[in-house]
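Report on the following structure.
Just so it is clear, the structure is predicted and the values come from calculations on it, not from any experiment. Throughout, a chain's letter reflects where its sequence line sits, starting with A, and its residues are numbered from 1.
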2 protein chains.
Amino acid sequence: MATIYEVSKLAGVSLATISRVINGTGKVSEKTSKKVRDAIRTLDYRPSSAAKSLASNRSDSIGVLVSEFHGPFYGAMMSGIESELRAKGKHGIFAAGHSDEASEKEGIEFLINRSCDALILHVEAVSDAYLIELSKGRVPFVLINRFIPELSDICISLNNDLGGYLSARAMLDSGHTHIAYVSGPFWKNDSSERLQGFRRALEKASVPFDADLLFEGDYHEESGREALLSFSKTHKRFTAVACANDEMASGVYKAARELGLSLPEDLSVIGFDHSIFASYLYPQLSSVNYPIGRMGKMAARLVLRNIYKATIKDIKHEFEPELVSHGSIAQPK
Amino acid sequence: MATIYEVSKLAGVSLATISRVINGTGKVSEKTSKKVRDAIRTLDYRPSSAAKSLASNRSDSIGVLVSEFHGPFYGAMMSGIESELRAKGKHGIFAAGHSDEASEKEGIEFLINRSCDALILHVEAVSDAYLIELSKGRVPFVLINRFIPELSDICISLNNDLGGYLSARAMLDSGHTHIAYVSGPFWKNDSSERLQGFRRALEKASVPFDADLLFEGDYHEESGREALLSFSKTHKRFTAVACANDEMASGVYKAARELGLSLPEDLSVIGFDHSIFASYLYPQLSSVNYPIGRMGKMAARLVLRNIYKATIKDIKHEFEPELVSHGSIAQPK
DNA sequence: GCTAAAAATGTAAGCGCTTTCATTCAGCTA
DNA sequence: TAGCTGAATGAAAGCGCTTACATTTTTAGC
């Protein structure tokens, strides 16, 4: 492997000049620059990133902690982050936190030890206090899908309240007044905010909220199924179910079929996230769009601006969800 | 940030000894070792990975090229790779190749420049010749989901032929003799192997194969839809459709509904991959299981063994798909 | 207690860059 | 022509580790 010394010798210039040409720092005459580029090409020279990191104290790597690698949600997020970073010659180091406190902390620790220049964190289990403490540390980071007032300028979040509101509105607009709600875990911020927005819409429409028609799921499919079965057992009237994510909505579909309900005639359903598979369901699931891909890109851009001083315009911290209508909502009978 | 010098001073031992304690190389008395560990804790010392890489000529990072970040398939693969690597203190640098030759090459180039110790490649568009040439280069790699005879010991592949065979068998066993096939792009190896296995099963059962009932899709949902519409236009009899992946099977579902066919009574369908969303479809999709998560783990282990000399038993190069039956196959009418 | 071998520890030379500061050089001005 | 200026380039000191080799200490055998 050729080193910078060999390039220096072949091009007949000093190390400093080679470095300047490669990194575009400082002034180099066109003539010299060409000699250097030629030498680099001749030797197929590739700078050692380790040496570069050591000398410059930057690794050009950004640690990214997601909850899971699989699933449409994180895939879109990672994809957005990667494309944005790579365009600027940086790269992501991805790790999974599994929505578990110990595991998330370990993931963060791992990434810090990898000497990342910055982190992009999608964490659910660690406390606000922990993150505030972390923000005082050596490694800067950005939070995605989370809002902490004290750290507002490093947060990229979704207006979940609005999302919950939209999902209720969609049902109300179709004439439903008996709407069950399948929530995510109450302890998760996004969950509780969505629920809150949902209730706000009902209140505003003077439609009562029935606590028996609220179920705390875990964002997985099976809990959606359990939710519907549980609602059904109450023998209360409900013509629609709003779910805090698409997977649980899929579970609702399953239970509905078990109960012999036909969709959407007997039951209208709405999801949340607008994941790719929402379209695989039949009838296609109406959902509240979560622009996670764009948010991932934005998180990356925030890092590029804050850490690498890239000139990035339009940084946006809060994103708005939108209703996406498909065939899963009908008028109530 | 504390450096190894400070640890050395505090513990009262030489640099070499610190290094030995940290890396478990060479012998260190328990007494000394404790002093060192205490000093490390006191100073919250974290070795600089850049310095370590520079000095040792290893980066502990493995480049991973996938086609896309999203989608259940790559998610499971990356997940398997990451967990395996992280357990050994290594990490993956993931990049997307988008199934496009230029983009795949650029991704490989990017990862090599990132000074990865090795690569795990899921590439579809680059030629065997290119990979054989690459294997002579400086950076070792492992291929996943691909088999090249000349590189057999660095390939982790699926027996796609068997998969195609199983999918045909499932239909034949249910009594179908008029089976349409939705293939992936013919130029992709996995595609053509699956098709070949499929035809082999038919031949063996003396069931004729009708070229009009073969459609070359692109592995995306919409092409599955197009396929069924196209079969339908031929007015040939077919009671079952086998698809080269689950997404196209989902497209077949959609088209079937457009055509007023009820599933699975009027049409039996089988997919391939057994992606997570196969269960979201209704009726749940029978599929041929692709153990991509396990294969990802195996690729990582192969790297750990070959590059880092980890002692890993049971390296397995070829995986076998299995039939997973759900409600999407019925007897022909 | 003496010696040889084994175990433990230390010394110091890199690894391949970046970056500060110094130096050179060409072009002008007076 | 001497002196000045700013642009272009070079010299060299790190950055924080690993590791081959040298040295010291311990252990064991007699």
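Atom-to-atom, CD of A:Glu30 to P of D:dA7 comes out at 17 Å; the value is rounded to the nearest Å. B:Lys9 places its NZ atom 17 Å from the C1' atom of D:dC17, with the value rounded to the nearest Å. Rounding to whole angstrom units, CD1 of residue A:Ile22 and P of C:dT19 are separated by 12 Å. For the pair B:Lys31 NZ and C:dA8 C1', the computed distance is 11 Å after rounding to whole Å. The NZ-P distance, from A:Lys34 to D:dA8, rounds to 18 Å in whole Å. Following rounding to the nearest Å, A:Lys27 (NZ) and C:dC25 (C1') show an atom-to-atom distance of 17 Å. Taking atom CG on A:Leu43 and atom C1' on C:dC17, their separation rounds to 16 Å, with Å as the unit. Rounded to an integer number of Å, the gap from CD1 of A:Ile18 to P of C:dT19 is 16 Å.
In this model, the phosphate group of C:dT9 is approached by a side-chain N or O of B:Ser29 to a distance below 4.0 Å at OP1 or OP2.
The closest side-chain donor-acceptor pair between A:His98 and A:Glu104, if any, does not fall under 3.5 angstrom. A:Ser49 and B:Ser115 are linked by a side-chain donor-acceptor pair at a separation below 3.5 angstrom, with hydrogens and angles left out of the test. For the residue pair B:Tyr219/B:Asp190, the side-chain donor-acceptor check at 3.5 Å is satisfied.
Using a 4.0 Å heavy-atom criterion, one finds that B:Ser19 contacts the bases of the nucleic acid, with or without backbone contacts as well. If you check every strand for non-hydrogen atoms under 4.0 Å, A:Thr32 touches sugar and phosphate atoms only.
A:Lys9 forms no cation-pi arrangement with A:Tyr5, by the criterion of a distance under 6.0 Å to the ring centre and an angle within 45° of the ring axis. Note that A:Arg86 lies in the cation-pi zone of B:Phe110, set by a 6.0 Å cut-off to the ring centre and a 45° limit from the axis.
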Treating primed atoms plus P, OP1 and OP2 as sugar-phosphate and everything else as base, which nucleotides of nucleotides 11-16 of chain D get B, S or - for protein heavy atoms under 4.0 Å? B--BBB
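Checked for salt-bridge contact, B:Asp128 and B:Arg146 meet the test: a charged N lies under 4.0 Å from a carboxylate O.
Between the NZ atom in B:Lys297 and the CD1 atom in B:Ile292 there is a gap of 12.5 Å [rounded to 0.5 Å].
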